[in-house]
Amino acid sequence: AYVNTKVILDKANKEGYGVGAFNVNNLEFIHAIIEAGVEKKSPVIIQTSQGALKYAGDGDVYRGARLFVKMVREFADSVEIPVALNLDHGSKLENIMACIQAGYSSVMIDASHSPLEENIAITKDIVRIAHAANVSVEAELGQLAGIEDDVVAEHSVLVDPNEAKRFVEETKVDFLAPAIGTSHGAFKFKGTAKLDFDRLKEVKELTKIPLVLHGASSVVQEMVKIAEANGADFGGSKGVPSDILKETVKYGINKVNTDTDLRMAYIAGLREFLNNNPKEFDPRKYFATAKEYTKKVIMDRMEVLDSVGKI
Ligand SMILES: O=C(COP(=O)(O)O)N(O)CCCCOP(=O)(O)O
Ligand SMILES: [Ca+2]
Ligand code: NA
Ligand SMILES: [Zn+2]
């Protein structure tokens, strides 16, 4: 069933487990996520970045938003598990409005690189507009290192828990993404993976609302190895280990943003298939392994986050 993201995350918050929020750019990734959720009897959050809207809409973000709502609703309405669709890292008003008008379950307004007062002001406006359309809202405090909504942050700026309390009270935002040391992409952390659990615990204590972990991919080495055995060069790739993901859930993370792990699995399957099947040119065949590996990584993540059976 197609639901508001708040339905999925309020339950996860109450019962203390995590739910994967999986990024998509095309139909095949939607297949992998829905199949994994059905097999694991797990809720799923499907999400699209602003780039995904442009990609799927072939240059028109309004068309992209409407297309993703139609595709995801079609699959959601044909399965038992709860399925939500979220705009990830909404930073331009046009994209946020396009998704609200198209019927997204939730939108993220990411103004975390702006001064706090500005972040509060814009988030308040988006919350008022989105709630009027029964759409829930995610926002972010602090900055991840690396590239994020077209902003290159040299290093991460960790969340201030007292700012988080004020931010949630003033904006009435539904979910909050506190920066605690992760970064997007396949090359996280300079040394060993280290997240600021104390800050996370404080943010949870002070806000009590569902929290979001960005940059949460583990960079599954099994998939890295398959990809590298078939021509990829992912040397030095590193993510958030499963045991650390579990700890973030224990301390209050409920939505776990996962994109890189899906991309790594997909390219591993695609490279392996193409190298082993020189005569094949049917896309329904040469995308099949890619989808299977992506589905497997998603099912494994549902076990790690403890969302299995939680429908
Ligand atoms: O926090 C995450 C996931 O982080 P991850 O890289 O650890 O999977 N996300 O918010 C996903 C970011 C998706 C970026 O998409 P574009 O390339 O289209 O801009
Ligand atoms: Ca941000
Ligand atoms: Na998001
Ligand atoms: Zn993110």
Side-chain angles (χ1 to χ4, degrees), residues 2 18-49 52 55-56 67-68 70-86 88 185-186 216-234 237-242 245 256-311:
Y2 188 65
V19 178
F22 302 106
N23 287 71
V24 302
N25 288 284
N26 63 20
L27 175 64
E28 286 74 15
F29 281 68
I30 295 175
H31 289 163
I33 295 162
I34 295 287
E35 287 179 33
V38 167
E39 259 176 69
K40 288 290 181 182
K41 293 188 176 14
S42 165
V44 295
I45 298 166
I46 293 175
Q47 54 184 22
T48 60
S49 68
Y55 175 78
L67 180 61
F68 279 123
K70 289 184 175 93
M71 284 199 284
V72 171
R73 285 207 68 132
E74 187 52 48
F75 283 95
D77 290 342
S78 63
V79 296
E80 290 293 302
I81 58 169
V83 178
L85 176 60
N86 176 57
D88 189 26
S217 279
S218 298
V219 182
V220 177
Q221 284 309 307
E222 178 198 4
M223 293 303 165
V224 171
K225 286 191 176 54
I226 294 171
E228 291 186 324
N230 289 282
D233 173 11
F234 295 147
S237 59
K238 183 182 183 65
V240 184
S242 297
L245 279 184
V256 180
N257 281 17
T258 311
D259 183 29
T260 295
D261 278 335
L262 278 54
R263 296 182 180 193
M264 294 299 230
Y266 202 83
I267 193 63
L270 183 58
R271 283 182 168 278
E272 183 185 71
F273 184 95
L274 294 179
N275 282 343
N276 298 334
N277 298 274
K279 296 190 185 324
E280 189 54 67
F281 56 90
D282 178 345
R284 293 164 300 185
K285 297 233 175 50
Y286 63 69
F287 285 149
T289 314
K291 190 261 282 185
E292 285 309 315
Y293 286 4
T294 304
K295 177 179 167 181
K296 181 183 179 312
V297 162
I298 294 166
M299 290 198 292
D300 293 347
R301 192 59 38 85
M302 290 168 170
E303 295 285 354
V304 168
L305 302 181
D306 190 27
S307 69
V308 172
K310 298 288 197 307
I311 58 171

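Everything numeric here is computed off the predicted structure, so don't read it as measured data.
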* Check: Ile226 main-chain N/O paired with Glu228 side-chain donor or acceptor under 3.5 Å -> no
* Using the ring pair (Phe, Tyr, Trp, His ring centres under 6.0 Å) rule, pick out the option among Tyr286, Phe29, Phe22, Phe273 that qualifies with Tyr266. => Phe29
* Trace of the side chain to side chain contact (heavy atoms under 4.5 Å, CB included) decision for Val83 with Val79 -> CA-CA 9 Å; Val83 178; Val79 296; 4.3 Å; yes
* Check the pair Lys295, Glu39 against salt bridge (Lys or Arg N to Asp or Glu O under 4.0 Å), reporting the backbone distance first and the verdict last. => CA-CA 10 Å; Lys295 177 179 167 181; Glu39 259 176 69; 2.5 Å; yes
* To do: Taking all heavy atoms of Met302 and all of Val44, pick out the closest pair and write down the distance.
  => CE-CG1, 3.4 Å
* Asked: Under a 4.5 Å cut-off applied to non-hydrogen side-chain atoms, are Ile33 and Thr294 in contact?
  -> no
* Answer yes when Lys291 and Glu35 have at least one side-chain N-carboxylate O distance shorter than 4.0 Å, and no when they do not. => yes
* Asked: Do Glu272 and Tyr293 have a side chain donor and acceptor closer than 3.5 Å?
  -> yes
* Asked: Can you say whether the rings of His31 and Phe75 are parallel (under 30°), tilted (30 to 60°) or perpendicular (over 60°)?
  -> perpendicular
* Flag side-chain contact, heavy atom, 4.5 Å: Lys296 against Glu222 -> yes
* Structure fact -> On a heavy-atom basis, the closest approach of Arg301 and Ser217 is NH1-CA, 4.3 Å
* Structure fact -> Heavy-atom closest pair (Val219 atom, Asp261 atom, distance to 0.1 Å) is N-OD1, 2.6 Å
* Side chains of Val72 and Tyr2: closer than 4.5 Å at any heavy-atom pair? -> yes
* Pair Asn257-Asn23, side-chain donor/acceptor within less than 3.5 Å -> no
* **Closest non-hydrogen atom pair between Ser307 and Ser42, with its separation** => OG-OG, 2.7 Å
* If you round to the nearest 0.5 Å, how far is CD1 of Ile34 from CD of Glu74? -> 10.5 Å
* Asked: Any side-chain heavy-atom pair from Leu305 and Val19 closer than 4.5 angstrom?
  -> no
* To do: Measure the shortest side-chain to side-chain distance between Val24 and Phe68 over non-hydrogen atoms and say whether it is less than 4.5 angstrom.
  => yes
